[in-house]
Number of protein chains: 2
Amino acid sequence: MDERRLSTRPTMRDVADRVGLSIKSVSRVLNGDPGVSEAKAEHVLTVARELGFRRNDLARSLRLQDRTETIGVVVRQASTRFYDSLIRGIDEVAARHGALVLTATTQSAEREQSAVLALSSRRVDGLIIVPSGEDQSYLRAEAAARMPMVFVDRPARGISADTVVADNVAGGYAATQHLIARGHQRIGVIGTRSSASTMSERARGYRDACREAGLASEDLVRWNAHGQEGAQQACEELLGLAHPPTALFALNNVCTIGAVRALQGAQLSRQVALIGFDDFDTADLLNPPVTVITQDVEEMGRRAAEAIFSRIDGRPTTSRREKTVLPTTLIARGSGEIEPDRPVARRIGA
Amino acid sequence: MDERRLSTRPTMRDVADRVGLSIKSVSRVLNGDPGVSEAKAEHVLTVARELGFRRNDLARSLRLQDRTETIGVVVRQASTRFYDSLIRGIDEVAARHGALVLTATTQSAEREQSAVLALSSRRVDGLIIVPSGEDQSYLRAEAAARMPMVFVDRPARGISADTVVADNVAGGYAATQHLIARGHQRIGVIGTRSSASTMSERARGYRDACREAGLASEDLVRWNAHGQEGAQQACEELLGLAHPPTALFALNNVCTIGAVRALQGAQLSRQVALIGFDDFDTADLLNPPVTVITQDVEEMGRRAAEAIFSRIDGRPTTSRREKTVLPTTLIARGSGEIEPDRPVARRIGA
DNA sequence: CTGAAAGCGCTAACAA
DNA sequence: TTGTTAGCGCTTTCAG
């Protein structure tokens, strides 16, 4: 109705003046504190609504000594499915605790630090971080101040903190085992950065399984397959070897899709088996349907959030760091069950 | 090194005391303001680092009258690809403006309001909202206070504000036209909520094209196909009709994947054409590859962010509402080019 | 039931 | 170059 001067938002002062009460009484009403007569409380509420009052949580949190009822999440935007499920899990728990979840996404590992520190400066009550940078020692001050924080997917480096991860080694082992059991002797691996712990652990599981079966492995591992194109190229290179692998193990989502692309593109005389780490929406719709190792990312989010809130609520022996390792599961859909040297059927259509 | 008492984070006061300077000088140094001798500045920086000082941005923003250098984004977690690209576009622009992008995701339309208002109470400088609720009039107070806000994907209801949307009608029209041009006379449509403007507009485009071609349309539209399962069922129902459609138009991502599932599952004697609204990662890997209508979601994010910042920076004639409509593009991959009554080729493999 | 005063951590305005 | 004072909007004593 009335044209306010210029983006000045009403304060409790304004409401109090309009109602003819003290600012404190207004505060009480607006926070549902007892000790204000029904009639006056009603009036305050009405006026607050008329004025479009929104409590300034900056001021409130400042006064409340850094309780912002907010937890910050920092993720690098890459494997989308991972992010989605993670947030879903976190949200579920945070909602129960009445906290707002604020996510900052970073497009590159370099920006991780600034995003995290920005959140810290805004005094979030806790931090859930999917580390993408090489080193998290920049969080030492927060650790010293006992800010609750949990690292998800990979452990932090340069600092000790709670961690929630999948059992990547076991997942890599299971995938490889699955292929070996079907007779594969040459299994190619496509991964992004060998420096990322998730990647290196999945590869370790692969190597363990190969060693146990008495197979060579190292010469069939291709790192630095970045993006779908990179993964596709790495696969094509593997498939072009004089003595090519009969099966592939893609260490993440993006690599898997790149591999599918490579396999569909190449005119191969033999079908090549494929197992991918991490599930994706259309995995069962591809031809052949893609066998994957899944991790329960939503559960990772839930566990991470629970860890945060138990620290926030100051659960007893708070100083010990906890590392939660969640199991992985193999979902057989077809691509991982292809046997070595199985001839390719005729293509559909044209 | 030293064990702080209990999660009390150091303030400028602490730094000042340690250095033997006034709090104001510390403030100057920490904000890169001029007027402090090189030597003392150096000392301040060192001590601040030792203490693990992080400026309290709650206090800073409070003092600075609601400039938090933060913009809030509210999305409902549903079509993941949409969200990802949107944030990427927003981040790009926000980074140029030195602002932090904080995203609150809601798992249901009902929580949209509380997430938005929580952000508003935290005094973000601007709000980018992908509305999922039916009514946004709860934002009247923010509008009155001239808080910069932009609605993306759908316009707001109950309030007038800047909007960035795709040309959904044109997209729906193009998809339908494309099918009609290939001889289809019965085109089925699968959508979620007819109350969502995106959905209804895409359907309008469909109807326009049908009418122009003199085709009946209404009896082949199926609403309330929620989730992949719902979409799949709706498709199966359409395909089971006595006089089934020869082509399908899926109004969003999820519907498209559900449709693919239905088409793969059904043992049809004739191939059915399919066009989906909105692209997805593996669309070109499916069999047949899926023809889609794409919208440039990243650009939507960029435009939205630019609109926000131009309001924040108080660009002149600020009071007019702007509606940006971005074009859509049809990407032909195969599924949309199938002609009516084309027999199904033999399936690969088993 | 109601209110006055103090202060959370910071910065702008104004001295010195 | 440096420091003092006041106050952002709120909540917590502690009095009326």
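Naming: A, B, ... by sequence-line order, numbering from 1 per chain. Worth saying up front: this structure is predicted, and the values here are computed from it rather than measured.
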Just one of B/D84, B/D91, B/T103 clears the side chain to side chain donor-acceptor pair (under 3.5 Å) bar with A/T105, so which one? B/D91
Tell me the bend of the helix from C/dC1-D/dG16 to C/dA16-D/dT1 as the angle between end helix axes, each from five pairs, rounded to the nearest 10 degrees. 40°
Sequence neighbours left out, what passes side-chain hydrogen bond (donor to acceptor under 3.5 Å, both in side chains) with B/D33? Give chain and number order. none
I want to check one thing: is the phosphate of C/dC10, taken as OP1 and OP2, less than 4.0 Å away from some side-chain N or O of B/S27? no
Which residue is it: B/V150, B/L139, B/V73? I am looking for the one with a side chain to side chain contact (heavy atoms under 4.5 Å, CB included) to B/I129. B/L139
Using a cut-off of 4.0 Å on non-hydrogen atoms, how would the nucleic acid contact of B/N31 be classed: base, sugar-phosphate, or nothing? sugar-phosphate
Given atom NE2 of B/H43 and atom C1' of D/dT2, what is their separation to the nearest angstrom? 16 Å
Summary of salt bridge (charged side-chain N to carboxylate O under 4.0 Å, His left out) pairs that have at least one residue in residues 129-143 of chain B, sequence neighbours excluded: A/R9-B/E142, A/R54-B/E142, B/E134-B/R157, B/E134-B/R193
Which nucleotide wins on minimum distance to the side chain of A/R60, given the candidates D/dT11, D/dC8, C/dC8? D/dT11
Which pairs with one or both residues in residues 92-118 of chain B pass salt bridge (charged side-chain N to carboxylate O under 4.0 Å, His left out), sequence neighbours excluded? B/E92-B/R96, B/E92-B/R302, B/R96-B/E306
Taken to the nearest whole Å, CG/A/D57 to P/C/dC8 is 20 Å
What pairs with A/S37 under side-chain hydrogen bond (donor to acceptor under 3.5 Å, both in side chains), at least two apart in sequence or on another chain? none
Can you tell me if B/R88 uses its side chain to pair, donor with acceptor, with the backbone of B/E298 under 3.5 Å? no
Does B/I159 reach the side chain of B/M149, with side-chain heavy atoms less than 4.5 Å apart? yes
For the residue pair B/R122 / A/T70, report whether a side-chain donor-acceptor contact shorter than 3.5 Å exists. yes
C/dC8 P sits how many Å from B/L64 CG, rounded? 19 Å
Scan nucleotides 1-3 of chain C against the protein and return all N/O pairs shorter than 3.5 Å with their distances rounded to 0.1 Å.
unit_1 : atom_1 : unit_2 : atom_2 : d
C/dT2  : OP1    : A/K40  : NZ     : 2.8
C/dT2  : OP2    : A/S37  : N      : 2.8
C/dG3  : OP2    : A/S22  : N      : 2.9
C/dG3  : OP2    : A/S22  : OG     : 3.2
C/dG3  : OP2    : A/S25  : OG     : 2.9
C/dG3  : N7     : A/R28  : NH2    : 2.7
C/dG3  : O6     : A/R28  : NH1    : 3.4
C/dG3  : O6     : A/R28  : NH2    : 3.2

Between C/dC10, C/dG7, D/dG9, spot the one nearest the side chain of B/T11, thanks. C/dC10
Without decimals, in angstroms, what is the distance between B/L58 CG and D/dC8 C1'? 12 Å
A/M12 CE to C/dA4 P, in whole Å, measures 16 Å
Whole Å only: how far is the CG atom of A/L62 from the C1' atom of C/dA6? 13 Å
Contact under 4.0 Å: B/Q65 side-chain N or O vs C/dA12 OP1/OP2: no
